[in-house]
Amino acid sequence: MEHPLTVGTDGSASALRSLDWAGDDAARRGLPLRVVHASRWERYEGTAPQGPERPGEQVLAENIVASAVEHARRRHADLTITAEVLADDPVTALLNEGLHATALVLGSRGRGEIAGLLLGSVGLTVAARARCPVIVVRGDEAALAGTHERVLLGVTDPADDLPAVRFAFREAEARGCTLEAVCAWRRPAQEPPDAPSLPEDARRYHEQQAAAVLADALTEAAGEHATVRVHRALVEGQAHKVLVHRAAAADLLVVGAQRRHGHFGLRPGRVAHTALCHAACPVAVVPRHA
């Protein structure tokens, strides 16, 4: 049996949206769904039933998971669902779950966070460190409902992006939608020795370089998923800005994890970080060895 699609829940509205998205995706791909909740450091203010005594944290955590499972079963009665309360902090629990998951699905906001803030530290840390793809469910209703019928893929390096390319093709195939593969390019401040001297020729040179990168990245997966309609786009500009702009017309944005160490630890890379915080659709961050 394939590893499950694992979704983290904390009982928040954001978690409910991610649960719905994960259930729909698991049903499309024929995967079991696993619902998990980390309880060790969480406080569930405002979630306890009213009465003379408030139940303990463990009971509240179990209620959150049970409610999530019941909700998922109402949406997909035939889906195989397992659930567990994990006695650990959220980051550690999710990273451990990711060792045996097809992908991790998270909401873009936790309980008590204010709408409009950037993605919290848990989502960014898990996206930067997980061994499996991490999908953060965010964006408008059109994207969450899949009405654009388009999966957007960002490509920067054929070798590093191959797992992301394969993931994007599988998603597009399961959805029966178009895959838009984008390679953003820019003229460098210092041109390479073999670049043409005339501006228009240099522009065409860099665009051709981007086209070669895109072709190298897509060839193998395109052959394995021949039914997927692929639209290739070469766009001049910064990759993180280009992808966020085009994500407004996509149901899912897929990017590779270009992991880097920063002031606050391992980060998922500039493109992924920007997408996770600003894209108008769910974002899948795929590690190099997924």
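Along the sequence shown, residues are numbered consecutively beginning with 1.
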Do [X] and [Y] have side-chain heavy atoms sitting under 4.5 Å apart?
{"X": "H245", "Y": "V242", "value": "no"}
{"X": "L79", "Y": "R73", "value": "no"}
{"X": "V137", "Y": "V7", "value": "no"}
{"X": "V213", "Y": "W185", "value": "no"}
{"X": "H71", "Y": "D20", "value": "yes"}
{"X": "D10", "Y": "I64", "value": "no"}
{"X": "E236", "Y": "E207", "value": "no"}
{"X": "C281", "Y": "L252", "value": "no"}

Could you check whether any side-chain N or O of [X] sits under 3.5 Å from a backbone N or O of [Y], counting only pairs where one atom can act as donor and the other as acceptor?
{"X": "R75", "Y": "D24", "answer": "no"}
{"X": "T102", "Y": "H3", "answer": "yes"}
{"X": "T147", "Y": "A142", "answer": "yes"}
{"X": "D161", "Y": "A164", "answer": "no"}
{"X": "R138", "Y": "A279", "answer": "yes"}
{"X": "D251", "Y": "E149", "answer": "yes"}

Rounded to the nearest 0.5 Å, what separates atom [atom1] in [X] from atom [atom2] in [Y]?
{"X": "C177", "Y": "H148", "atom1": "SG", "atom2": "NE2", "result": "11.5 Å"}
{"X": "Q209", "Y": "L234", "atom1": "CD", "atom2": "CG", "result": "11.5 Å"}
{"X": "H206", "Y": "R186", "atom1": "NE2", "atom2": "CZ", "result": "11.5 Å"}
{"X": "R129", "Y": "L124", "atom1": "CZ", "atom2": "CG", "result": "12.5 Å"}
{"X": "R175", "Y": "R150", "atom1": "CZ", "atom2": "CZ", "result": "13.0 Å"}
{"X": "L162", "Y": "L218", "atom1": "CG", "atom2": "CG", "result": "10.0 Å"}

Provide the closest heavy-atom pair for V105 versus S18 in the form atom of the first, atom of the second, distance.
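Nearest heavy atoms, V105 then S18: CG1-O, 3.8 Å.
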
Tightest non-hydrogen contact, residues P163 and P287, listed as CB-O, 3.4 Å

What verdict does the side-chain contact (heavy atoms from CB on, under 4.5 Å) test give for L86 and N96, after you've listed the backbone C-alpha separation in whole Å, the side-chain angles of each residue and the deciding distance to 0.1 Å?
CA-CA 10 Å; L86 305 171; N96 287 336; over 6 Å; no

In terms of the angle between their ring planes, are F169 and H225 parallel, tilted or perpendicular, with boundaries placed at 30° and 60°?
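Rings of F169 and H225: parallel, as their planes differ by under 30°.
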
Checking salt bridge (charged side-chain N to carboxylate O under 4.0 Å, His left out) for the pair R28/D25: CA distance, chi angles, key distance, verdict?
CA-CA 5 Å; R28 270 193 300 266; D25 201 57; 3.0 Å; yes

V244 with V235, same ILVMFWY side-chain cluster at under 4.5 Å:
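Different clusters: V244 never reaches V235 through Ile, Leu, Val, Met, Phe, Trp or Tyr contacts under 4.5 Å.
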
Is there a path from W21 to V65 through hydrophobic residues (I, L, V, M, F, W, Y) whose side chains come within less than 4.5 Å of each other?
yes

What pairs with R34 under salt bridge (charged side-chain N to carboxylate O under 4.0 Å, His left out), at least two apart in sequence or on another chain?
E84, E97

Evaluation steps, side-chain contact (heavy atoms from CB on, under 4.5 Å), between L19 and T9
CA-CA 7 Å; L19 177 65; T9 185; 5.7 Å; no

Salt bridge flag under 4.0 Å for residues E2 and R29:
no

List the steps and the verdict of side-chain contact (heavy atoms from CB on, under 4.5 Å) for L144 and E141.
CA-CA 5 Å; L144 297 179; E141 293 302 319; 4.2 Å; yes

